[in-house]
Amino acid sequence: MTLRSTLKDKKRIVVKVGTSSLTHPKTGLVDLIKMERLVRELTDLHNQGKEVILVTSGAIAVGRKTIGMKDRPSELAVKQACASIGQARLMMMYQKLFMEYNQIASQILMTKNTLVNEGNRENARNTFETLLSMGAIPIVNENDTISTYEIQFGDNDTLSAVVSALVQADLLILLSDIDGLFTDDPNRNPDAKFIEYVNQVDEHFERMAKGASSDVGTGGMSTKINAARLATSAGADMIIANGADMGVIHQVMDGERIGTLFRANRTDDFYLIDYLDAPRI
Ligand code: GLU
């Protein structure tokens, strides 16, 4: 049996979607067709009896478009205000679409503080467990409106791996604007080779990822490799695939050879906080 063919049996699945996979490249406005397809794919996974969590970006981008701001904000308070406007709108769109399929959805906004303290972590885990047992699809984002440098994850690749570790997910699917991991940046180097399978995330891959970046959103390839290290060490398989077509989700689940697959390598002494650049409390 190949590892790919085992993906269909995964029970608890986290899907991460980046801003670039949710918006039209020309206008930066939400691509409703893609969002609708994403919601349909996730609801269908849920209908198959799986537990599904969505980690979504887009709060700042949607907020900025709502007020007609041309460039990405750099000032913290402006970013936070955009996120406040955008997160509510983003959720409104998700809720509307999930409602069409009679699927319960909920919102969880996190910062590092949600996790550093053992009690807080346990509390967050219980909330996820309870929502999943209620049949909800939790929709997670960083709490960008209040998070500042000291308490932020910074990118949703990391956040999705953290969530996978927290809930002990079986599979993390990272949807990005590139097909997966390459030996070099394929936009700059025509000889860059696609890597279909990673048995273990080691320094070799970390070095490689530094050369290959995805420019849109906050998560380059380097953050994806770090996310892979975290998620696989916590015991989840992980896939990086291109979110240009949301149908990729069921193709991955069907075991098709799409994207880069990272094999789970649970380490016995895995401790989430060690990966967060935060003190043990
Ligand atoms: N949390 C940010 C947002 O919703 C996105 C972070 C990321 O793209 O990694 O705008």
Side-chain angles (χ1 to χ4, degrees), residues 14-25 27-31 34-35 38-39 53-95 105-115 138-164 172-178 209 212-231 238 240-244 246 275-277:
V14 177
V15 176
K16 182 257 166 176
V17 60
T19 306
S20 63
S21 305
L22 278 179
T23 51
H24 289 286
T27 61
L29 293 167
V30 173
D31 185 329
K34 280 173 92 179
M35 193 186 235
L38 169 67
V39 166
I53 295 171
L54 172 64
V55 176
T56 185
S57 306
I60 298 172
V62 169
R64 155 164 101 76
K65 286 289 156 187
T66 305
I67 56 168
M69 186 183 288
K70 233 170 127 232
D71 299 313
R72 243 178 122 100
S74 52
E75 198 189 320
L76 182 64
V78 179
K79 255 195 237 174
Q80 297 192 321
C82 286
S84 176
I85 295 168
Q87 179 65 28
R89 286 223 167 188
L90 191 63
M91 279 310 293
M92 189 178 66
M93 287 187 254
Y94 275 123
Q95 286 290 11
S106 72
Q107 171 180 261
I108 299 189
L109 299 178
M110 295 172 66
T111 67
K112 263 191 205 170
N113 280 355
T114 320
L115 300 169
I139 303 177
V140 184
N141 197 357
E142 175 136 32
N143 195 349
D144 296 306
T145 299
I146 58 133
S147 78
T148 49
Y149 181 73
E150 311 77 53
I151 58 161
Q152 72 184 8
F153 296 103
D155 66 86
N156 278 3
D157 294 328
T158 308
L159 177 61
S160 65
V162 165
V163 169
S164 301
L172 167 60
I173 303 177
L174 271 185
L175 297 179
S176 175
D177 55 354
I178 50 175
S213 67
S214 139
D215 291 335
V216 197
T218 30
M221 202 32 91
S222 202
T223 67
K224 289 181 176 54
I225 291 295
N226 285 336
R229 203 162 49 86
L230 204 175
M238 183 180 121
I240 300 175
N242 199 325
M246 295 294 174
Y275 292 79
L276 288 185
D277 193 17

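Just so you know, ligand 1 is whichever comes first in the structure, and atom 1 is the first atom listed for that ligand. If you're wondering where the values come from, they're calculated on a predicted model, not measured in any experiment.
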Open item on the list: Between Val140 and Lys16, is there a side-chain heavy-atom distance shorter than 4.5 Å?
Closed with: no
- [ ] Using distance alone, determine whether Gly154 and ligand 1 share an N or O pair under 3.5 Å.
- [x] no
- [ ] Kindly confirm or rule out an N or O of Ala61 lying under 3.5 angstrom from an N or O of ligand 1.
- [x] no
Open item on the list: I want to know if ligand 1 touches Asp157 in the polar sense, i.e. an N/O pair below 3.5 angstrom.
Closed with: no
Open item on the list: For Gly18, state whether at least one heavy atom is located under 4.0 Å from any atom of ligand 1.
Closed with: no
Open item on the list: Within the 4.5 Å heavy-atom criterion, are Leu115 and Met110 side-chain neighbours or not?
Closed with: yes
Open item on the list: Distance under 4.0 Å to a non-hydrogen atom of Asp155: what atoms of ligand 1 satisfy this?
Closed with: 9 (O)
Open item on the list: Looking only at distances, can you tell me whether any N or O atom of Ser57, backbone or side chain, sits closer than 3.5 Å to an N or O atom of ligand 1?
Closed with: yes
Task: Check: Ser160 main-chain N/O paired with Ser164 side-chain donor or acceptor under 3.5 Å - done: yes
Task: Nitrogen or oxygen atoms of Asn156 and ligand 1 under 3.5 Å apart - done: yes
Task: Numbered atoms and elements of ligand 1 in range of Asn141, under 4.0 angstrom, heavy atoms - done: 1 (N), 3 (C), 4 (O)
Open item on the list: Give me the atom names and distance for the closest heavy-atom approach of Ser57 to Leu90.
Closed with: O-CD2, 3.5 Å
Open item on the list: Using 0.5 Å steps for rounding, measure from the CD1 atom of Ile139 to the CD1 atom of Ile53.
Closed with: 11.5 Å
Task: Least distance between heavy atoms, Glu142 atom then Phe153 atom - done: OE2-N, 2.7 Å
TODO: Mark up the atoms of ligand 1 that fall under 4.0 Å of a heavy atom belonging to Ile60, in ascending order.
DONE: 3 (C), 10 (O)
Task: OG-CG distance between Ser21 and Asn242, expressed to the nearest 0.5 angstrom - done: 7.0 Å
